[in-house]
Visitor: 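The following block contains the structure, expressed as structure tokens.
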Amino acid sequence: MKRFEMFCGLVLGGVFMYAGAAKWKAPWSFADSMVSFKILPLMPINPLVLTLPPLEVLAGLLLVGAACGETAAVRCLIRRVAALSVMVMTSAFLIALFSALTRGISVDCGCFGGLPVWQTGGKLSTLKTWLAVGRDMIFFAMAIAIYRGNKDG
Amino acid sequence: MKDPFPTRPLLSVIGRDFLGFLVLCGISLLAGLLINALREKPLPLVYQPPLERIRKSLAARSQPGAEMAEPAPSWTGGKKGAGAEMVGKKGTGAAVPRPHTAGNAQSSSREISPQDLRMAMGKPGLVVLDARPRDFYELKHIAGARNLSRERLEEDFNRLYPVLSDPSVKQIVVYCANATCEDSRIVAAALSELGFGPMFVLKDGWAEWEAAGLPVERQ
């Protein structure tokens with residue numbers, strides 16, 4: 001495994017474990033943040049709020065702990081599944097953020113258990129949302145690098 | 001090193017990885033449900049907006065009793081409009097707010113100038129609420145103000161409920177950072193909708209108050 005992919009795995013793993021733990025700690029706030037995007041109906045919000053933080057923590061743990069796999073094939077499989085999970089999650093975050101930006105909704109992404117925005121007030125700057133988009137794009141690119149780099153152990 | 005995927009086509013590999021992702025999702029859902037069940041205040045499976053959550057906690061506290069109307073504050077010339085009806089607990093005199101049913105809550109709060117608020121500060125029955133995030137409140141706030149931030153609305157509301165529902169409260173003034181912030185209006189609208197009030201928003205917020213050299217305090 002190349003050093004760059006290992007670096008990406010450690011960074012992404014750490015970031016996702018932290019983000020997941022922060023959301024897990026404050027599920028009510030995370031639910032309010034998710035609603036503020038006005039994308040999903042209210043019905044799936046709470047099941048998603050319950051699922052997403054453990055998924056982030058699990059994906060982060062797998063990325064960091066993949067080196068403990070017994071064989072190269074197992075290590076590759078773990079990293080690929082974890083990287084795919086990160087790709088799916090960051091894609092969803094990016095779609096949500098772009099959607100909010102195009103509709104002119106000012107939101108806090110709640111990515112790290114941030115402000116529980118229960119009503120969109122227009123106070124949070126668009127720049128902050130663009131920064132979240134940029135960060136998620138970097139994470140997505142890192143996940144792709146890990147996914148592609150683990151074909152041959 | 002031996003190739004772990006020697007003959008698998010790309011789609012098959014992606015499909016297998018995707019299956020792994022779905023397994024992770026299933027494990028995560030189970031873990032989430034398990035941890036949630038162990039929480040002191042579990043998240044319900046269907047989302048409830050903050051106002052609805054507060055209403056439910058209010059409903060749990062409220063008991064049937066006599067009604068009394070809150071008078072409008074002196075600086076409005078006694079004009080009613082945003083006033084809430086309060087439902088009093090029999091015998092105790094404690095008031096439990098009853099939600100408004102009509103109108104746009106955002107429009108029901110009126111503005112009060114810093115000077116008028118300064119003059120009203122000595123009068124009984126005035127509650128001043130700081131709608132800014134807690135960190136800013138702790139740094140410095142209007143003397144005597146209490147923190148009911150928009151971002152921790154439910155938590156702060158539950159903490160301040162005894163103060164807000166006190167029958168002696170005649171006016172509630174909310175402020176946030178400056179003339180452009182919206183937190184004060186949102187908090188005022190939420191409280192007004194829940195039946196508290198009359199609600200007032202401090203014109204130009206904390207910035208104007210501080211610039212005018214009016215009384216402030218630290219946490």
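The sequence lines fix the lettering, A, B, ..., with proteins before strands; numbering per chain opens at 1.
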Visitor: For Pro27(A), which atoms come within 4.5 Å of any heavy atom of chain B: side chain, backbone, both, or neither?
Guide: both
Visitor: Using a 6.0 Å cut-off, check whether atom CZ of Arg146(B) has over 12 heavy atoms from anything other than its own residue.
Guide: no
Visitor: Which one, Ser85(A), Pro44(A), Gly20(A), Ala83(A), leads in non-hydrogen pairs under 4.5 Å with chain B?
Guide: Ser85(A)
Visitor: Within the structure provided, determine whether Tyr147(A) and Asp17(B) are in side-chain contact (heavy-atom separation under 4.5 Å).
Guide: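 Side chain of Tyr147(A) against side chain of Asp17(B), heavy atoms only: contact under 4.5 Å found.
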Visitor: Go through the atoms of Leu42(A) and report whether side chain, backbone, both or neither lie under 4.5 Å from a heavy atom of chain B.
Guide: both
Visitor: Roughly how far, to the nearest 0.5 Å, is the CG atom of Leu48(A) from the OG atom of Ser28(B)?
Guide: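 CG of Leu48(A) is found 11.5 Å from OG of Ser28(B).
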Visitor: Work out which heavy atom in Pro54(A) is nearest to a heavy atom in Ala31(B); give both atom names and the distance.
Guide: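 For Pro54(A) versus Ala31(B), the nearest heavy atoms are CB-CB, 4.3 Å.
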Visitor: Does Leu30(B), at its CG atom, have more than 12 non-hydrogen atoms belonging to other residues, nucleotides or ligands within less than 6.0 Å?
Guide: yes
Visitor: When heavy-atom pairs shorter than 4.5 Å are enumerated against chain B, which of Leu62(A), Thr51(A), Leu52(A) gives the highest number?
Guide: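 Winner by heavy-atom pair count: Thr51(A).
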Visitor: Kindly give the heavy-atom pair with the smallest separation between Arg16(B) and Arg80(A), and that separation in Å.
Guide: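 Smallest heavy-atom distance, with atoms named: NH2-NE, 3.8 Å.
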Visitor: Taking atom CZ of Arg218(B) as the centre, report whether more than 12 heavy atoms of other residues, nucleotides or ligands fall under 6.0 Å from it.
Guide: no
Visitor: Mind checking whether Trp28(A) and Glu155(B) have side chains closer than 4.5 Å, heavy atoms only?
Guide: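 No, too far: nothing below the 4.5 Å cut-off.
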Visitor: For a side chain to side chain contact (heavy atoms under 4.5 Å, CB included) with Leu24(B), tell me which candidate from Leu58(A), Val88(A), Leu84(A) qualifies.
Guide: Leu58(A)
Visitor: So which of Asn36(B), Leu19(B), Ile35(B) has the largest heavy-atom pair count under 4.5 angstrom toward chain A?
Guide: Ile35(B)
Visitor: Do you know which of Leu29(B), Leu43(B), Val46(B) has the most heavy-atom pairs with chain A at a distance under 4.5 angstrom?
Guide: Leu43(B)
Visitor: What are the two closest heavy atoms between Phe21(B) and Leu55(A), and how far apart are they?
Guide: CE1-CD2, 4.0 Å
